[in-house]
Amino acid sequence: MNDADVSKQIQQMVRFIRQEAEEKANEISVSAEEEFNIEKLQLVEAEKKKIRQEYEKKEKQVEVRKKIEYSMQLNASRIKVLQAQDDLVNEMREEAVKSLQNVSKGHHHLLEFLHIGHHKNFYQHLIKELIVQSLLRLKEPAVLLRCRKEDKDHVEEVLESAKNEYAGKANVAPPEIFVDENVYLPPGPEHHHSHGLFCSGGVVLASKDGKIVCENTLDARLEVVFRKKLPEIRKLLFSQVAA
């Protein structure tokens, strides 16, 4: 083999090696391109998923805020309704207190409203009944009685009658009743200051040792009746609202 043949053979080998290298390089380039595209797609999908999750999170936060705001507005509305109902009930109570103040004056329209027949001195008769009722509750042989100063004459006029009526009902001896002339109940509303204590009438009886007290003033009785009837009052006034 001469030099020309050797050179020709070497050139063929170089071309073959170069061709294999180029083909290998193309394969590597294509493979790299595919891996790049796959990785890029994965990154894009991951970012999309992250964005979707972030959006869903913010959407849930907005829904929660809406629910909280709605609940707050609903509660505020309910509080306003309850406050309005309480105001109306309190107005009714104040009107009842004002009407009660007329009892000691024996106004005829009030007697008719209470379905009570006309009495020459209704209030004096009422004081006697309150005393008898208090004695029946206390069942004490001796009691201390307190009244308004302006009612002292009424009390003294009915005292004996009240003691005898109690004695007959309880089948006991007439009790001793000591009218407290040192401490009186607050005066009627026409005498009191706007923020002072007042009493619409009635009596307070207590055992001699002061351990048992029967508060039978008109104001106390109104308070008891009002508390007892409050559910019924609310039902009559607000049943349609609740429905």
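In this text the structure is predicted, and so the values were computed from the model without any measurement.
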Requested in this report: Run the numbers on Phe238 and Val81 for side chain to side chain contact (heavy atoms under 4.5 Å, CB included), then give the verdict.
Outcome: CA-CA 10 Å; Phe238 311 124; Val81 170; over 6 Å; no
Show me the side-chain donor-acceptor pairs of residues 60-75 shorter than 3.5 Å, one per line, residues at least two apart or across chains.
from  : atom 1 : to    : atom 2 : distance (Å)
Asn75 : ND2    : Ser71 : O      : 3.3

Non-neighbouring partners of [X] that pass salt bridge (Lys or Arg N to Asp or Glu O under 4.0 Å), sequence neighbours left out:
| X | value |
| --- | --- |
| Glu95 | Lys98 |
| Lys229 | Glu232 |
| Glu22 | none |
| Arg15 | none |

**Report entry** Residue from Ile131, Leu218, Val203 passing side chain to side chain contact (heavy atoms under 4.5 Å, CB included) with Leu126
**Finding:** Leu218
With sequence neighbours left out, write down each residue that passes side chain to side chain contact (heavy atoms under 4.5 Å, CB included) with [X], or none if nothing qualifies.
| X | value |
| --- | --- |
| Asp87 | Gln83 |
| Glu157 | Gln124 |
| Gln53 | Lys49 |
| Leu138 | Glu140, Val143, Leu205, Ile212, Cys214 |

Report task. Would you indicate whether the side-chain heavy atoms of Glu35 and Glu39 approach each other to under 4.5 Å? Result ->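 Answer no - side chains too far apart.
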Requested in this report: Could you check Met92 against Leu237 for side chain to side chain contact (heavy atoms under 4.5 Å, CB included), going step by step and ending with a plain yes or no?
Outcome: CA-CA 11 Å; Met92 289 185 61; Leu237 289 176; 3.4 Å; yes
Indicate, with yes or no, if [Y] and [X] share a hydrophobic cluster defined by side-chain heavy-atom contacts under 4.5 Å among Ile, Leu, Val, Met, Phe, Trp and Tyr.
| X | Y | answer |
| --- | --- | --- |
| Leu130 | Phe198 | yes |
| Phe226 | Leu88 | yes |
| Val132 | Val103 | yes |
| Val204 | Leu135 | no |
| Phe122 | Leu159 | yes |

Query raised in the report: If you measure from CD1 on Ile10 to CE on Met13, what distance do you get to the nearest 0.5 Å?
Result: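 Ile10 atom CD1 to Met13 atom CE measures 8.0 Å (nearest 0.5 Å).
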Requested in this report: Decide yes or no on side chain to side chain contact (heavy atoms under 4.5 Å, CB included) for Asn121 and His154, but give the supporting numbers first.
Outcome: CA-CA 9 Å; Asn121 196 331; His154 291 308; 3.5 Å; yes
Query raised in the report: In terms of heavy-atom contacts, does CD of Glu45 have more than 12 from other residues, nucleotides or ligands at under 6.0 Å?
Result: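 More than 12 heavy atoms, drawn from other residues, nucleotides or ligands, come within 6.0 Å of this atom.
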**Report entry** Residue pairs passing the side chain to side chain donor-acceptor pair (under 3.5 Å) test where at least one lies in residues 199-226, sequence neighbours excluded
**Finding:** Arg93-Glu223, Gln133-Asn216, Gln133-Arg221, Ser134-Asn216, Ser200-Asp219, Ser207-Asp209, Asn216-Arg221
Query - Nearest heavy atoms of Lys128 and Ala162, plus distance in Å - result: CG-CB, 3.8 Å
Report task. Please report the shortest heavy-atom distance between Tyr123 and Arg148, naming the atom on each side. Result -> OH-NH2, 3.6 Å
Please output the side-chain donor-acceptor pairs of residues 170-186 that fall under 3.5 Å, not counting sequence neighbours, one pair per line with the distance.
from   : atom 1 : to     : atom 2 : distance (Å)
Asp180 : OD1    : Asn182 : N      : 2.9
Asp180 : OD1    : Val183 : N      : 3.0
Asp180 : OD2    : Arg146 : NE     : 2.9
Asp180 : OD2    : Arg146 : NH2    : 3.3

Query raised in the report: Step by step, would you call Lys169 with Glu165 a salt bridge (Lys or Arg N to Asp or Glu O under 4.0 Å)?
Result: CA-CA 6 Å; Lys169 288 182 176 181; Glu165 184 174 331; 3.2 Å; yes
Query - Fellow cluster residues of Phe16, listed by chain then number, with links counted only when side-chain atoms sit under 4.5 Å apart - result: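 Answer for Phe16: none, a lone residue.
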**Report entry** Pairing of Glu160 and Lys163 as salt bridge, 4.0 angstrom limit
**Finding:** yes
Query raised in the report: Within the distance-only criterion (no hydrogens, no angle test), does the side chain of Asn37 pair as donor or acceptor with the backbone N or O of Glu33 below 3.5 angstrom?
Result: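 Checked: pair present.
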